[in-house]
Amino acid sequence: MLLLTAAAGGLVLSHVSFIEHSPLPSLDGLDRPSLLRLWSLAFAFALAIFIVIFALSALFRREVLRRRRSDSAIGRFRQAADASSDLITIMTTSGRIEYVNDAVERSTGYLKDTLVNIWPSPRMPWYNDAGLFRQMRDTVRSGGEFMKDIDGRTREGGPLLIGERVVPFRNDKGVVTRMVSTARDLTRERHLEDRIDYLGRYDPLTGLPNRRTLIGQLEQSVRAAMAAGSSLSVLILDIDRFKHVNDLCGSDAGDDVLKQIAGLIQSSVSPADIVARTGNDEFCVIHVDERNPVLAGAVAQQLRTALSQTISAGGHDIIVTISTGIAVHPGHGDDAWTLLKNADLALASAKAQGRNMIQFFDQEITNRVKEFFILERRLFAALRNSEYLLHYQPYCDLQTRKVAGAEALVRWQNAELGVVSPARFIPSLEETGMVIEVGRWILETACNQISKWERMNRHFPVSVNLSMVQFRHQHLVAMVRDTINNFGFDPRRLTLEVTETVFMQDMDFAIKTLKRLKDVGVTLSVDDFGTGYSSLSYIKKLPVDNLKIDISFVRDVSRDQDSASIITAITTLARSLGLKTIAEGVETEEQRNILHLLRCDMGQGFYFSKAVSAGEFEKLLL
Ligand code: C2E
Ligand code: CA
Ligand code: CA
């Protein structure tokens with residue numbers, strides 16, 4: 001500006017001197033000096049106007065520039081605010097909203113247009129509590145800072161938890177003119193915390209209380225029962241062989257089964273009873289207001305009936321049985337822990353006795369269960385310590401009485417326990433999954449023996465039993481093929497025995513697996529035939545070679561007409577299908593004679609020989 005004035009001044013001076021020396025246009029009646037003054041005056045005036053206009057336009061340009069800069073600063077601020085994950089709200093002191101950022105829209109579900117500059121103002125409509133809003137407003141208006149976790153509500157009515165901090169905004173004179181709220185959306189965090197808390201107390205799959213919660217509830221129930229002088233029972237229910245369901249049908253189907261079972265348990269106990277899931281395949285029922293322990297047995301029976309049904313899951317029909325252990329207060333314990341422990345012991349005893357059992361706790365159980373656990377522990381080391389051996393029991397032609405084949409039967413010889421029957425330890429092997437490893441050893445040992453006998457020119461088939469778990473194992477067919485190839489013999493020499501119960505679980509799967517085994521070239525026998533299905537006709541669908549008539553029919557054949565009729569039905573069916581029959585458990589000459597009359601092909605049993613070592617078996621052949 002200074003430069004400009006100087007320039008203007010210079011211009012005026014040069015102009016005056018220019019006028020002084022140049023010829024001037026004359027105005028009538030004015031002498032030259034007056035004319036000169038007039039011109040100079042007009043010129044100075046014009047110049048002043050020019051300077052004023054110039055200065056104003058410069059000022060105006062500067063203001064536009066400043067505005068533009070400030071607008072872009074606000075734009076940047078808005079951008080930054082919208083990018084923030086925190087909820088930012090600017091309000092007047094009366095609570096009318098002037099500005100909200102995008103996060104407010106995202107978290108509360110309210111659109112900006114429905115919030116900003118609305119009169120009467122929506123006053124942060126996600127505030128659930130009008131009193132709380134007033135408290136916030138009063139605090140901030142009076143210059144204070146307001147901090148609180150607000151339990152709000154989204155536009156859809158959903159939960160909203162925000163950690164809010166509202167501060168006053170003052171003008172130049174220090175007067176509070178605005179309230180600025182910055183808030184963090186804590187809804188997800190709280191949801192997570194709630195979830196963690198829930199998971200700590202409930203089973204997410206079934207929604208039932210978990211073990212921890214149950215113990216708390218049981219403690220309460222025991223206290224109440226003691227105060228009232230009444231009794232209560234703790235029932236622990238365990239699904240028999242549930243591991244197989246998971247192994248065979250997949251864990252999704254397993255989960256589905258558990259959910260269905262949880263539902264069945266809940267619907268078959270009284271509403272006052274407490275149901276919890278205390279383990280993977282274990283449920284617990286607290287039956288309260290119980291004056292008679294026998295009634296606990298009735299509850300268990302009722303549950304067993306309710307659960308004894310085919311459950312469909314993941315395309316499989318699964319037959320479920322449960323074992324139940326019961327402890328009753330008073331008598332079996334006066335606190336939650338003792339009652340649970342004793343019900344657990346009763347359960348273990350029920351399992352050790354077989355499946356589908358109900359067992360009350362008693363002192364003797366402790367000893368029996370201990371024994372069972374000792375057995376199971378020793379079983380783990382048995383394979384490594386070479387405690388298993390294979391014996392061979394012959395089956396003979398009923399007409400010629402000559403050895404027609406052998407069944408390999410596993411024996412377990414333990415230094416402390418002596419010889420343990422497979423009927424006692426095979427279920428444990430199945431339960432623990434060890435049967436896969438032990439089963440492989442049995443197959444290899446039997447195949448090794450077959451190839452030895454083949455080299456000795458002794459040609460007869462040897463059967464190996466397959467348990468349910470082995471039959472369902474995904475590598476079974478490959479393992480059988482590889483083992484036969486390793487030892488190199490005619491695959492027809494190996495017979496695999498599978499029980500009927502294997503088909504009961506899933507007929508389609510059984511047929512597929514049997515066909516694949518047939519493709520390997522082995523011979524197939526149905527073990528314990530006649531015990532599983534009421535109808536025998538399903539056998540037509542199976543690609544098998546032999547039927548082994550169950551020992552229960554053979555035992556009674558000489559006394560019981562029904563057994564004889566069943567055997568006749570089986571042998572007739574077998575002949576029509578081109579299958580051979582082998583009667584199990586033939587102990588007497590009489591049985592042999594009748595079975596021969598009933599057109600049974602072969603017999604196996606103590607009448608011919610018990611199971612013996614391979615060396616002794618060779619002597620039998622002579
Ligand atoms: P199983 O397959 O039905 O085997 C026949 C069982 O009947 C054998 O009992 C055998 O010793 C017995 N037995 C044979 N003749 C007679 C008789 O005249 N009278 C009586 N009362 N019993 C007779 P064992 O060896 O105790 O085997 C019991 C079960 O254990 C077998 O029943 C089979 O299911 C299972 N098992 C045995 N060895 C193996 C094996 O190597 N692998 C698998 N997975 N299971 C096996
Ligand atoms: Ca068998
Ligand atoms: Ca059998």
Side-chain angles (χ1 to χ4, degrees), residues 241 244 354 379 382-383 387-396 398 403 405-413 418-450 461-473 476 479-480 483 494-502 523-532 544-558 570 581-592 595 602-614 617 620:
R241 294 160 204 247
H244 300 183
L379 212 45
L383 192 62
E387 290 173 4
Y388 292 116
L389 38 116
L390 270 197
H391 276 180
Y392 298 87
Q393 184 178 32
Y395 53 85
C396 302
L398 283 178
V403 172
E407 176 174 8
L409 293 163
V410 68
R411 299 289 174 256
W412 176 29
Q413 193 126 33
V419 180
V420 187
S421 149
R424 266 185 77 196
F425 69 82
I426 296 277
S428 282
L429 288 181
E430 288 196 312
E431 186 90 356
T432 52
M434 285 189 279
V435 75
I436 298 296
E437 218 184 323
V438 177
R440 183 181 295 130
W441 176 87
I442 292 169
L443 184 72
E444 281 170 2
T445 310
C447 286
N448 188 18
Q449 191 57 58
I450 295 172
V462 174
S463 350
V464 168
N465 291 283
L466 288 186
S467 77
M468 165 96 86
V469 177
Q470 286 175 282
F471 186 73
R472 294 285 183 138
H473 196 259
L476 170 78
M479 184 184 74
V480 170
T483 312
L494 176 68
T495 304
L496 296 176
E497 292 191 10
V498 187
T499 59
E500 271 185 298
T501 42
V502 167
T523 307
L524 295 172
S525 287
V526 182
D527 208 354
D528 305 340
F529 188 67
T531 52
V544 293
D545 306 283
N546 308 320
L547 302 181
K548 295 192 81 172
I549 302 169
D550 190 65
I551 190 167
S552 57
F553 305 114
V554 176
R555 199 185 294 126
D556 300 332
V557 73
S558 47
I570 294 174
T581 45
I582 305 169
E584 295 183 315
V586 184
E587 293 184 351
T588 64
E589 170 80 17
E590 192 191 14
Q591 284 170 344
R592 186 221 76 103
L595 288 163
M602 289 164 277
Q604 176 181 352
F606 300 159
Y607 172 69
F608 299 105
S609 165
K610 63 180 177 70
V612 293
S613 68
F617 193 90
L620 285 179

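Atoms within a ligand are numbered from 1 in the order they appear, just like the ligands themselves.
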Polar contacts were defined as any N/O atom of the residue lying under 3.5 Å from an N/O atom of the ligand; does this apply to [X] and ligand 1?
| X | answer |
| --- | --- |
| Val410 | yes |
| Glu407 | yes |
| Asp527 | yes |
| Leu390 | no |

TODO: Can you see which heavy atom on Arg411 is nearest to which on Phe425, and at what distance?
DONE: C-CZ, 4.5 Å
- [ ] Identify the heavy atoms of Val554 and Ile549 that sit nearest to each other, and give their distance.
- [x] CG2-O, 4.2 Å
So that I can check it, does any N, O or S atom in [X] come closer than 3.0 Å to the Ca ion (ligand 2)?
| X | value |
| --- | --- |
| Asp528 | no |
| Asp527 | yes |
| Thr499 | no |

Distance under 4.0 Å to a non-hydrogen atom of [X]: what atoms of ligand 1 satisfy this?
| X | answer |
| --- | --- |
| Ile442 | 40 (C), 41 (O), 42 (N) |
| Gln470 | 44 (N) |
| Asp528 | 3 (O) |
| Gln393 | 10 (C), 14 (C), 15 (N) |

- [ ] Answer whether the closest heavy-atom distance between the side chains of Thr499 and Met468 falls below 4.5 Å.
- [x] no
- [ ] Mind checking whether Arg411 contacts ligand 1 via backbone (N, CA, C, O), side chain (CB onward), both or neither, at a 4.0 Å heavy-atom cut-off?
- [x] side chain
- [ ] Record the part of Ile426 in heavy-atom contact with ligand 1 below 4.0 Å; permitted values are side chain, backbone, both and neither.
- [x] side chain
- [ ] Decide whether the shortest distance between a heavy atom of Gln604 and an atom of ligand 1 is less than 4.0 Å.
- [x] no
Open item on the list: Any heavy atom of Val464 closer to ligand 1 than 4.0 angstrom?
Closed with: no
